[in-house]
Amino acid sequence: MSETILSEIDNGIGIITLNRPERHNAFDDVLIQELSAALADMNGNPAVRVVVLSSTGKSFCAGADLNWMKRAAGYGPEESRRDAAGLAGLLRTLNEMRKPTIARVQGPAYGGGVGLVAACDIAIAAFDAQFALTEVKLGIIPAVISPYVITAIGERKARRYMLTAERFSAAEAYRIGLVHEIVPGQEELDEAVGEIVDALLDNSPAAIGACKDLIKAVAGRPVTDEVVADTAARIVRARASDDGREGMAAFLEKRKPRWVAKP
Ligand code: COA
């Protein structure tokens, strides 16, 4: 039984909810461990086809729990390294999920909260969402989240927001590519997340997994002979796969592929 996370599976949708509202869902060692375990469970569960990361309370996530960070500053080198590796591992687990992930963002998302948003495949925010990379204000750095944040918003924008620690709005988060969509309120947030979930559930789970691998293999690399050959090899495998055969046959036979739920 988790103390800090709610986890449920409903019709192929895995919903993980950060549930530490009295601390604005700031993450300490317990939440990191419980969230990592919930993500690993969903990743390995064939009943889960999409994962939604949401939260209770006023804030999406106030980043690292500063009481925990302060405590960890006094750890010995080995314990300190292990502790930081836990947080880095959580972000990597989220980033490398085989299932598509959606961040449902309301209220503030600060520090590591921005990291969670950036490490999801898709992010949707309500107008009241606010973002900030506050670490340098606290005398620390956005270290373990940086690969995901820089990938999401680009180096130039990362330079501004990581160095100034300014707060920015949902509209700015949309402009710089941190979130894909912004909506007026919580009701519209659920509707928008529902639409994305429906789109994902129409698609082959195996192809989605292979597509995530493809993006990871190609993103940021120059178009070398090796990359071109690798992309050709991937389509060879995909079109001969069970889902490739089924999906193309279903289109040509004017029927729904087997992974689409019957109405
Ligand atoms: N770590 C630990 N405790 C936190 C926290 C964090 N990251 N963020 C908020 N809290 C705690 C506050 O200390 C406060 O505790 P208290 O009730 O014992 O005084 C409680 O949560 C409520 O926070 P408060 O600031 O009073 O609420 P608010 O609604 O005015 O503001 C935030 C909410 C999230 C905007 C604000 O708390 C904040 O800016 N937090 C810091 C976020 C941050 O910089 N995170 C990056 C860490 S690397």
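As the structure lists them, so they are numbered: ligands from 1, and atoms in each ligand from 1.
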- For the pair Lys99 (side chain) and Asn43 (backbone), establish whether a donor and an acceptor sit closer than 3.5 Å, ignoring hydrogens and angles. yes
Is there a side chain to side chain donor-acceptor pair (under 3.5 Å) between Ser54 and Thr17 once you walk through the steps?
-> CA-CA 5 Å; Ser54 68; Thr17 306; 3.1 Å; yes
Any donor-acceptor pair under 3.5 Å from Glu246 side chain to Arg258 backbone: yes
Nitrogen or oxygen contacts under 3.5 Å, ligand 1 side and protein side:
unit_1   : atom_1 : unit_2 : atom_2 : d
ligand 1 : 1 (N)  : Leu66  : N      : 2.9
ligand 1 : 7 (N)  : Ala62  : O      : 2.9
ligand 1 : 7 (N)  : Ala64  : O      : 2.9
ligand 1 : 15 (O) : Arg23  : NH1    : 2.9
ligand 1 : 18 (O) : Arg23  : NH2    : 3.3
ligand 1 : 21 (O) : Arg23  : NH1    : 3.4
ligand 1 : 23 (O) : His24  : NE2    : 3.4
ligand 1 : 27 (O) : His24  : NE2    : 3.2
ligand 1 : 29 (O) : Lys58  : NZ     : 3.0
ligand 1 : 44 (O) : Thr134 : OG1    : 2.7
ligand 1 : 45 (N) : Ala62  : O      : 2.8

- Message: Does the plane of the ring in Tyr161 sit parallel, tilted or perpendicular to the ring in Phe168? Use 30° and 60° as the thresholds.
- Response: tilted
List, one per line, each side-chain donor-acceptor pair under 3.5 Å for residues 55-65, sequence neighbours excluded.
unit_1 : atom_1 : unit_2 : atom_2 : d
Ser55  : OG     : Ser59  : O      : 3.3
Ser55  : OG     : Phe60  : O      : 3.2
Ser55  : OG     : Gln106 : OE1    : 3.3
Ser55  : OG     : Gln106 : NE2    : 3.1
Thr56  : OG1    : Leu18  : O      : 3.2
Thr56  : OG1    : Asn19  : OD1    : 3.0
Ser59  : OG     : His24  : ND1    : 2.6
Asp65  : OD1    : Asn67  : N      : 2.8
Asp65  : OD1    : Asn67  : ND2    : 3.4
Asp65  : OD1    : Trp68  : N      : 3.3
Asp65  : OD2    : Arg20  : NH1    : 2.8
Asp65  : OD2    : Arg20  : NH2    : 3.0

Item to check | SB check Arg98 Asp213 (cutoff 4.0 Å) | outcome: yes
